[in-house]
Novice: 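Structure incoming, see below.
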Amino acid sequence: MFSNEYVQLRMAKAEKLKESGLNPYDHYSKRDTKISEFFEKNKDISKLENKRDESKKFIVAGRVKFLRLMGKAAFFKIEDESGILQVYMSKNDLGESFNLLKKTLEVGDIVEIKGYPFVTKTGELSIHADNVRILTKAIHPLPEKFHGLQDIETKYRQRYLDMIMNKQTRERFKLRSKIVSLIRGFFLNKGFLEVETPMLHTVVGGANARPFMTHHNALDIDMNLRIAPELFLKRLIVGGFEAVFELNRNFRNEGIDHTHNPEFTMLEFYWAYHTMDDLMNLTKELFDYLFEKLNLPKKLQFRGMEIDFDKWQTITYKEALVKIGNIPENILENVDEMKKYLENAGVKIEEHIDSKGKLWAELFDAFVESKLIDPTFVTEFPVEISPLARRSDKNPEFAERFELFIAGREIANGFNELNDPLDQYERFKAQLEAKAKGDEEGMDMDYDYIRALQYGMPPTAGEGIGIDRLVMLLTNSESIKDVILFPTMKPKKEIFDQDDIK
RNA sequence: GAGCCCUUAGCUCAACCGGCAGAGCACCUGACUCUUAAUCAGGGGGUUGUGGGUUCAAUUCCCACAGGGCUCACCA
């Protein structure tokens, strides 16, 4: 673990500090100024006659990023969360301490500087050190200073290193944090109540996906990590809460690729006495709010596409198939002809896909989804693929449901909630039948949920928004791993080291 | 799940048709009191992802495995 040649050399330097009575892992820092504050407070130093103010003292701290040692003086740059600052130190000012620093200070170390502001000959506002303390000795060398860390795998596996080396990474995750807190604020302002429902479930439901299974020892029961919070949130509506949201993790035991991580963040919100039209308006309002607060251009660049967030559209599922997917309208009522059409296009169809609605969904995925670039609400979903949505009064084949597509991807999914307990019972039964036919993503029968609906759920509309994908969109990120701090990775075998067992 | 590609020093990358594994940064020694990827002189550092195979000879060709990336399929 510590056998690397460079680590050994740096450990020897830490030892040298100890021998001089200095703790290479000292805890107490007297930092009184962030680097951004240092720049703010000293921006006028260059106007002074000798370009320095020895009467002002600041204590700053940060990680050494560049180091230029000369015979009796040195320049180095330290970086804290707020910025990067050049330090000048000389033997004149530091005496013997300078010699020790020359032998022990390295790029990567965390240091504390006490000094005064001055401007160098080349015009850079810097700090002139009276005192330099190594607070934390880094014994692992950093990647190369010019090219930085390039290896994609290392960026994901050692995010801390990615963060040390790449400011864009730090900025991207700060932006994610800001987006999440803006969304929270938006819903709280609208009177929604933030709640936390279980992540350990005993019934699989709320979405169509394969769950992670686990076991509770004391109760001796199998449990699954939730694939969605939906059914619990709607129980809260039954209980009398009229507007709730939950913004947290879901877990799905499925493939990993650049848009899927086994754990991902989902916003779900439920709004009693409102309709899906209210949801669509609210969604648009949320996007406008985010664009305004984040100061983003309404014509957003994403993966080579330009998305116009002033051009929101609404289209029905059937219209989308015909007008955007260019599918002949006359085959849309004929299961066999749709199957033939899909097979001719090379789409393989699983056996449990045997109804008009499910085939529409296959056609939609194959021919429509990727073409929906500007924000588009698709409405009038087939009822078979919408097991929790209210059936349309006008046409019982359709559910009162919409999905929002942006940049060829589903971003949100919402509907008027099904609150007829009998209809819900039948829909669950259809899920069980699909599961029996081999659909591994079918829901379980949730008896308690049916019971809850028997008590009466007021007319309610609910929606889910995938936060990771939203953040990808707003940060122009290619991979979901770029917006998740610690993405799921297959563990890498660490090389066995004899020293570790001694 | 399928196809294609990648893995060489701590990091970023070379190595032509199979012929002694190199460079820059970093590191070590020395010089240097205003440098900006500091500079100058010298030096050390490698089981080429792992395991097999072909060959006089393999970073290079073949096979398997591991990890990663991209594309397609499925899912959000």
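Chain identifiers are assigned alphabetically (A, B, ...) following the order of the sequence lines, protein sequences preceding nucleic acid strands; residue numbering begins at 1 within each chain.
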Novice: For A/A412, give me all partners under side chain to side chain contact (heavy atoms under 4.5 Å, CB included), at least two apart in sequence or on another chain.
Specialist: A/L404, A/E463, A/I465

Novice: Can you give me the N/O atom pairs linking the protein to nucleotides 44-51 of chain B at distances under 3.5 Å, or say none if there are none?
Specialist:
| residue | atom | partner | partner atom | Å |
| --- | --- | --- | --- | --- |
| B/G44 | N2 | A/Y6 | OH | 3.4 |
| B/G45 | O2' | A/E5 | OE1 | 3.2 |

Novice: Which of residues 244-254 of chain A have a heavy atom under 4.0 Å from RNA chain B?
Specialist: A/R252, A/E254

Novice: Going by side chain to side chain contact (heavy atoms under 4.5 Å, CB included), name the residues that satisfy it together with A/T120, two or more places apart in sequence or in a different chain.
Specialist: A/F75, A/Q86, A/F118, A/T122, A/E124, A/S126

Novice: State which residues pass side chain to side chain donor-acceptor pair (under 3.5 Å) with A/N131; sequence neighbours excluded, sorted by chain then number.
Specialist: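 In terms of side chain to side chain donor-acceptor pair (under 3.5 Å), with neighbours along the sequence ignored, A/N131 is linked to no residue.
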
Novice: Scan nucleotides 33-35 of chain B against the protein and return all N/O pairs shorter than 3.5 Å with their distances rounded to 0.1 Å.
Specialist:
| residue | atom | partner | partner atom | Å |
| --- | --- | --- | --- | --- |
| B/U33 | OP2 | A/K72 | N | 3.2 |
| B/U33 | O2 | A/Y88 | OH | 2.9 |
| B/U33 | N3 | A/N92 | ND2 | 3.4 |
| B/U33 | O4 | A/N92 | OD1 | 2.4 |
| B/U33 | O4 | A/N92 | ND2 | 3.4 |
| B/C34 | O2 | A/K121 | N | 2.9 |
| B/C34 | N4 | A/R52 | NH2 | 3.2 |
| B/U35 | O2' | A/R68 | NE | 3.2 |
| B/U35 | O2 | A/R68 | NE | 2.8 |
| B/U35 | O2 | A/R68 | NH2 | 3.1 |
| B/U35 | O2 | A/Q86 | OE1 | 3.3 |
| B/U35 | N3 | A/Q86 | OE1 | 2.9 |
| B/U35 | N3 | A/Q86 | NE2 | 3.1 |
| B/U35 | O4 | A/Q86 | NE2 | 2.8 |
| B/U35 | O4 | A/T120 | OG1 | 3.0 |

Novice: Under a 3.5 Å cutoff on both atom distances, Watson-Crick or G-U, what's the dot-bracket for RNA chain B ([ ] crossing, | other strand)?
Specialist: (((((((..((((.....[..)))).(((((.......))))).....(((((..]....))))))))))))....

Novice: In chain order, what residues pass the ring pair (Phe, Tyr, Trp, His ring centres under 6.0 Å) check against A/F377, with sequence neighbours excluded?
Specialist: A/W312, A/F402

Novice: Can you name the atoms? Protein N/O to nucleotides 67-71 of chain B N/O, anything below 3.5 Å, with the distance.
Specialist:
| residue | atom | partner | partner atom | Å |
| --- | --- | --- | --- | --- |
| B/G67 | OP1 | A/K490 | NZ | 2.6 |
| B/G67 | OP2 | A/K490 | NZ | 3.2 |
| B/G67 | O3' | A/R157 | NH2 | 2.8 |
| B/G67 | O2' | A/E153 | OE1 | 3.4 |
| B/G67 | O2' | A/E153 | OE2 | 2.3 |
| B/G67 | O2' | A/R157 | NH2 | 3.2 |
| B/G68 | OP1 | A/K490 | N | 3.2 |
| B/G68 | O4' | A/E153 | OE1 | 3.0 |
| B/G69 | OP1 | A/K481 | NZ | 3.4 |

Novice: Under the ring pair (Phe, Tyr, Trp, His ring centres under 6.0 Å) rule, collect the residues that match up with A/Y25, sequence neighbours excluded.
Specialist: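 By the ring pair (Phe, Tyr, Trp, His ring centres under 6.0 Å) rule, A/Y25 matches no residue at all.
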
Novice: Who are the side chain to side chain donor-acceptor pair (under 3.5 Å) partners of A/K13, not counting sequence neighbours?
Specialist: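 For A/K13 the side chain to side chain donor-acceptor pair (under 3.5 Å) partners, ignoring immediate neighbours, are A/E106.
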
Novice: With sequence neighbours excluded, tell me which residues meet ring pair (Phe, Tyr, Trp, His ring centres under 6.0 Å) with A/F245.
Specialist: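 Scan of A/F245 (ring pair (Phe, Tyr, Trp, His ring centres under 6.0 Å), adjacent residues dropped) gives A/F187.
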
